[in-house]
Amino acid sequence: MHRARADADVFRAIADPTRRAILDRLRAGPAPVNALAADFALSRPAVSKHLRVLREACLVTEHRAGRERLYQLHPVPLQRAAGWLEGYRSFWQRNLDSLKRYLEET
C-alpha cells in the first residue's frame, strides 16, 4: 500500500488502543491537546503524534481557539468503515448457520 494512503487508513488509525481511547474521550466534546495528554500516561508529544495519525485519517479535526488547538471527533470515516464491516456480518452469519446445521445433522 502506498505510504500516503496507509497514513490515511481508518483501520490503521484505530488499531492502536491509545488512539481508540482518544476517540472515546472526544465523544464527550472537543478538547485541547493538554487536556487529552492529562487523561493518559503519555507525554504531550506522544499524544500529539497520535492526534496527527487520527487527523490524517480524517477522524478528528483541529481548530484554533486563541492559543489552544482544539480537537474534535469527526465520525464519518468510522461510519464508512462500520458500513464496510457490516457486509461481512451476513457472510459470517450464513457460514455459522451452515456450520450449526451440519453439526446438528451429524
Side-chain angles (χ1 to χ4, degrees):
M1 179 179 279
H2 186 268
R3 175 74 179 151
R5 182 69 200 129
D7 286 343
D9 184 32
V10 171
F11 292 104
R12 177 183 168 271
I14 63 174
D16 185 275
T18 300
R19 290 194 285 269
R20 290 193 306 269
I22 291 170
L23 291 173
D24 289 342
R25 165 57 183 82
L26 290 175
R27 282 191 304 182
V33 67
N34 288 334
L36 292 171
D39 290 342
F40 299 96
L42 297 172
S43 66
R44 185 187 177 284
V47 171
S48 291
K49 287 182 182 181
H50 285 297
L51 287 167
R52 180 179 46 85
V53 172
L54 293 170
R55 208 174 49 248
E56 289 171 352
C58 300
L59 292 168
V60 298
T61 57
E62 170 190 38
H63 68 276
R64 288 192 182 266
R67 298 176 77 185
E68 291 185 314
R69 292 180 186 197
L70 293 176
Y71 292 87
Q72 184 170 359
L73 178 64
H74 183 252
V76 173
L78 288 173
Q79 292 167 339
R80 286 192 296 256
W84 180 80
L85 286 169
E86 190 60 34
Y88 287 92
R89 182 185 307 268
S90 62
F91 168 80
W92 283 112
Q93 191 60 50
R94 281 192 315 272
N95 284 301
L96 290 173
D97 289 344
S98 295
L99 176 61
K100 180 182 175 187
R101 279 192 304 279
Y102 172 77
L103 291 174
E104 290 174 346
E105 293 171 0
T106 58

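No hydrogens, no waters, no symmetry mates; every other heavy atom, side chains included, goes into these values.
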If you group Ile, Leu, Val, Met, Phe, Trp and Tyr by side-chain heavy-atom gaps below 4.5 Å, do [X] and [Y] land in one group?
| X | Y | value |
| --- | --- | --- |
| Phe11 | Trp92 | yes |
| Leu59 | Val33 | yes |
| Tyr88 | Leu96 | no |
| Leu42 | Leu54 | yes |
| Phe91 | Leu85 | yes |

Just so I know, are the side chains of [X] and [Y] near enough to count as touching, which here means a heavy-atom distance under 4.5 Å?
| X | Y | result |
| --- | --- | --- |
| Glu62 | Arg55 | yes |
| Asn95 | Leu99 | no |
| Ile14 | Leu78 | yes |
| Asp24 | Arg27 | yes |

Please find the pair of heavy atoms, one from [X] and one from [Y], that lie closest to each other, and give the distance.
| X | Y | result |
| --- | --- | --- |
| Leu26 | Tyr71 | CD2-O, 3.4 Å |
| Ala57 | Ala13 | CB-CB, 3.8 Å |
| Val47 | Ala37 | CG2-CA, 3.8 Å |

Exercise. How would you list all residue pairs meeting side chain to side chain donor-acceptor pair (under 3.5 Å) that involve residues 34-46, not counting sequence neighbours?
Worked result: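 Checked against side chain to side chain donor-acceptor pair (under 3.5 Å) - neighbours excluded - the pairs reaching residues 34-46 are Arg25-Asp39, Asn34-Arg44.
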Audit row: Leu70, Arg64, side chain to side chain contact (heavy atoms under 4.5 Å, CB included) steps and yes/no: CA-CA 6 Å; Leu70 293 176; Arg64 288 192 182 266; over 6 Å; no
Exercise. Distance from Arg19 atom CZ to His50 atom NE2, nearest 0.5 Å?
Worked result: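 So the CZ of Arg19 and the NE2 of His50 are separated by 6.0 Å.
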Please assess His63 against Arg69 for the test side chain to side chain contact (heavy atoms under 4.5 Å, CB included), listing each intermediate value before the final yes or no. CA-CA 6 Å; His63 68 276; Arg69 292 180 186 197; over 6 Å; no
Can you tell whether the side chains of Asp97 and Arg94 come within less than 4.0 Å, N to carboxylate O?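 Here Asp97 does not pair with Arg94 in a salt bridge, since their nearest N and O are not under 4.0 Å apart.
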### Message
Does this structure show an ion pair linking Glu56 with Arg52, if we count only N-O contacts that are shorter than 4.0 Å?
### Response
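Here Glu56 pairs with Arg52 in a salt bridge, since their nearest N and O are under 4.0 Å apart.
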- Task: Please lay out, stage by stage, how Glu105 and Arg101 fare under the test salt bridge (Lys or Arg N to Asp or Glu O under 4.0 Å).
- Result: CA-CA 6 Å; Glu105 293 171 0; Arg101 279 192 304 279; 5.6 Å; no
